[in-house]
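What follows is one structure encoded as structure tokens, with my remarks underneath.
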Amino acid sequence: MIYDVAIIGGGPAGLTAAIYAGRSQLKTKVVEKLSVGGQLLLTELIENFPGVYQMNSHGWINMVKKQLSELDSVDLQEDCIVEKIEYVAGSFRVCTISQVDNSREIFDSHSVIVATGALPKRLGIKGEDAFIGRGVSFCATCDGPFFKDKAIALVGGGDTALEEALYLRRFARKITIIHRRDNLRATAILQERCMKDEKIEFRLSASPVEILGNNKVEGIKIKDLKTHQEEVLACDGVFVFIGFTPDTVFLRGLLDLNDRGYILTDEHMMSSCQGIFAAGDCRHRPFNQVVTACSDGAVAAYSATKFLEKKKI
Ligand code: NAP
């Protein structure tokens, strides 16, 4: 069987594309490398989705799964990585490897929507890799409960950093947000909430140098970027939220990426390769939100439908 559309990635963009493709009765296969949800699995609450007051991320994922389960033309495969996409005889050959048993599979599709999202960036400092799982974390929802009454150092000054600080404050005794500039990048409302919080303090114009400890994290060495003085902050955990890198390495050579690896598309979400569309955080775009990822997914599915109609498939 040849699919009409292969959707790579099961985050908000990919799931929305699947709903729209399924409702257009396209034979659709969604391949997700872990569990559906994408970056939403790393967060707890969404507060800025219009019309939905304080949406629980996991609740949202479950509702979307239910919507998809009612669409007969949509197949969903989790724990499966797409290694390669090739253009073969007028369609796309998608090569996958199972994360469960390493088995390889190939399927063909007339079009592809890439919605692979992005992976958390690392600081690249000494101690970061060594203490992953022993105090260093990139996911507040996953690891927050291990830090009850503990001191946390949190690196980053964007929306993710401040939102996760506000989540972690329910467990932690104290949170120190370390940010490399004087000004935070995060939305004003998040800044205001963090500034007002008696558990949260800031070390601005400071950069992490090394994560310290024996068997587990015991502190972080930081450098004041104005005085160049180094100092050790005692802490039990270091959470890193310094942005994301797009998960697009497997597409190199097939379509145009920008210098940071984001997929370049037109307003129809079409990439430089006819028949391959992109949606969500893996795509070069000005504003990454759940609502914009969903919007991208809907447009990509619509454009794929039009593309298939033109090809008379
Ligand atoms: P981001 O906006 O790119 O912010 C990354 C932060 O990390 C910046 O403050 C940056 O500092 C800092 N940083 C980057 N590299 C660093 C390094 N090597 N060492 C120290 N600090 C470093 O990333 P994000 O916060 O993950 O957000 C990503 C996107 O998702 C954004 O578009 C954001 O608006 C969106 N988002 C939205 C929501 C929401 O609406 N509720 C929630 C989460 C994320 P500089 O500021 O100096 O560059």
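Order of listing sets the numbers, starting from 1, for every ligand and every atom in it. In this text the structure is predicted, and so the values were computed from the model without any measurement.
Shown here is Gln54, whose CD atom has more than 12 heavy atoms of other residues, nucleotides or ligands within 6.0 Å. Heavy-atom contacts from other residues, nucleotides or ligands closer than 6.0 Å to OH of Tyr302 number 12 or fewer. Residue Arg285 places its CZ atom among more than 12 non-hydrogen atoms of other residues, nucleotides or ligands, all under 6.0 Å distant. Residue Leu119 qualifies as enclosed at atom CG: its count of foreign heavy atoms under 6.0 Å is above 12.
Listed as neighbours of ligand 1 are Asn48, Leu123, Gly156, Gly157, Gly158, Asp159, Thr160, Glu163, His179, Arg180, Arg181, Arg185, Phe241, Ile242, Gly243, Phe244, Asn288, Gln289, each bearing a heavy atom under 4.0 Å from the ligand.
Note: Ile85 CD1 to Phe92 CZ = 8.0 Å, rounded to the nearest 0.5 Å.
The closest donor-acceptor contact from the side chain of Gln99 to the backbone of Lys33 lies under 3.5 Å.
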